[in-house]
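Side-chain atoms are counted along with the backbone in the values below, which use heavy atoms only and exclude waters and symmetry mates. Throughout, residue positions are numbered sequentially from 1 according to the sequence presented. Bear in mind that the values here come from a model prediction, so they are computed numbers and not experimental data.
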Amino acid sequence: MPRKALLITFIGSLAVIIMVAASMPATPHAAADQLLQGVPRLDGYRIYFSESAGEASRFDRTTEGLSRFAGLLELQGAQLYTLEWRNGIPADADLIVIAGLGGDLNAQYTAWLWDYLQDGGRLLFLVDPRIGKTGIASASGIFELLWTDMGLRGRNDLVMAESGETIEVIPPTPRAARDQATPTPPPPVSVPRMITQFATGNINASHPIGAGFTDTLTFFGARSLESDEAPRQSQVTSLVFTDSNFYGETDFTTYLSTGYVEYNIGTDTGRGNLVLASALENTVTGTRMIFIGDRQFALNGYGLQTSPSYSGSFLYPGNVRFLLRAAAWLLDADMTDTVELTFPTPGPTSTPTITPSPTPLPTATPVPDAGESGS
């Protein structure tokens, strides 16, 4: 059977369900399949995936991989390649995908990426919170350039909110002065149980990606974004927000190791509708970028998780829809040349209840040596 016929057959065998979720790891599913309409064709577009500094790989079919997102782009007709940084950014790159750098790109790679963006490049950028020395600090590398010139960067925080429940934890032991004995560990205390995995329906409908968007989006451990939306040549538009009861915890390393957390005014990012994803567009140069503060949003075992495993039954179809819309907008694809995708109703998951629960971040990825990236 010809390859094109195989693709049509495969596309015709899929079905979609819209899952409604709110601050929960899983939700009940609709009884019937639902069609994902208006997905643009991406024939001829060349998309390059960066894999130089601990990013998720399009070849990885595990929970930490990006293979499902890559497969969906291929179904739309895109041509996928691996970005070989040592050779620079190819002139034919229509879109670059960077999903979760383990650390800053080195100076040379940063310069190449910056030149690409200044010359009308297109970038889908997913970045996890910074854990210790892993990840990108708010005031360094590509973030500093983005903020100075374009008004967009990630904050050094982890977005969370109280679940309404409490748990018993042992607070961190205070540090002793040089001439004092080691303090006795404090007794357990009751603290709010925090939500770091959550869903939100707060999506900017004035942007083409959010227009008519009815699904919710699920995040699994996100940093908030700092966006300067004042009128300028490079215009930033906030796309996705939390509910108003969320804040950005800056001492989340302690939280992840002990479960202890407290909101500190002036140190933590204040409560409110924190930005989780933003779009940037320069109408003069043609530059476009989508910035998402959580790489797990697009990974196989998280935002693109399916049930049963390795099926087409997505648990979070809103994430699928958002990512495909984002790719189409970045590429300025012809919205009149579309295909229809459907995904079957997901089966039961390992989470039988809708009780919110905290979700730890993934194990820190070691930062490659200076030959690949720098801190």
Side-chain angles (χ1 to χ4, degrees), residues 21-25 127-140 143 147 153-178 180-200 202 217-227 238 240-277 292-297 302 351 353-365:
S23 300
M24 62 186 69
V127 184
D128 273 335
R130 181 175 171 86
I131 306 174
K133 295 183 179 180
T134 302
I136 306 176
S138 179
S140 68
F143 275 13
W147 177 249
R153 65 179 171 185
R155 292 192 178 99
N156 291 329
D157 63 10
L158 173 64
V159 174
M160 58 176 60
E162 298 177 5
S163 69
E165 302 176 357
T166 59
I167 56 174
E168 294 289 319
V169 301
I170 299 177
T173 302
R175 293 185 177 181
R178 291 184 178 180
Q180 294 180 345
T182 301
T184 301
V189 297
S190 293
V191 299
R193 187 178 186 183
M194 307 304 293
I195 297 170
T196 56
Q197 175 180 330
F198 58 91
T200 178
N202 295 331
L217 301 177
T218 304
F219 293 82
F220 300 83
R223 70 196 300 167
S224 68
L225 307 185
E226 191 169 9
S227 302
S238 299
V240 185
F241 310 84
T242 67
D243 293 334
S244 60
N245 59 323
F246 282 78
Y247 79 97
E249 176 60 52
T250 55
D251 187 20
F252 58 88
T253 300
T254 298
Y255 164 70
L256 291 175
S257 61
T258 67
Y260 182 80
V261 66
E262 57 183 358
Y263 174 52
N264 295 305
I265 297 176
T267 302
D268 296 324
T269 305
R271 296 184 189 277
N273 298 114
L274 304 183
V275 180
L276 302 170
I292 301 173
D294 176 17
R295 82 165 176 174
Q296 291 178 320
F297 183 90
Y302 300 89
T351 306
T353 69
I354 61 173
T355 303
S357 61
T359 303
L361 296 176
T363 303
T365 303

Distance (rounded to the nearest 0.5 Å) between Leu274 CG and Glu226 CD: 11.5 Å
Minimum heavy-atom distance between Gly293 and Leu225, given as atom pair plus value: CA-CD2, 4.1 Å
Distance, nearest 0.5 Å, that separates CD of Gln197 from OG1 of Thr218: 7.0 Å
Nearest heavy atoms of Gly154 and Ser138, plus distance in Å: O-OG, 3.0 Å
Any side-chain heavy-atom pair of Phe198 and Asp243 under 4.5 Å: no
Thr242 side, atom OG1; Ile195 side, atom CD1 - distance, nearest 0.5 Å: 11.5 Å
Partners meeting side-chain contact (heavy atoms from CB on, under 4.5 Å) with Ser238 (sequence neighbours left out): Ser227, Glu229, Phe241, Val275, Ser278
Value rounded to 0.5 Å, distance of CD1 in Ile292 from CG in Leu217: 8.5 Å
Heavy-atom side-chain contact between Arg223 and Asp128 under 4.5 Å: no
Side-chain heavy atoms of Phe219 within contact of Leu276, under 4.5 Å: yes
Beyond-backbone contact of Arg193 with Glu162, side-chain heavy atoms, under 4.5 angstrom: no
Pairwise distance CE(Met160) to OG1(Thr196) - rounded to 0.5 angstrom: 6.5 Å
Minimum heavy-atom distance between Phe143 and Arg153, given as atom pair plus value: O-CB, 3.9 Å
Under 3.5 Å: donor-acceptor pair, side chain of Thr269, backbone of Tyr247: no
Ser244: side-chain contact (heavy atoms from CB on, under 4.5 Å) partners, not counting sequence neighbours: Asn273
4.5 Å side-chain heavy-atom contact, Thr250 and Asn156: no
Sub-6.0 Å ring centroid separation between Tyr302 and Phe297: no
Phe252 CZ to Asp157 CG distance, which is reported to the nearest 0.5 Å: 7.5 Å
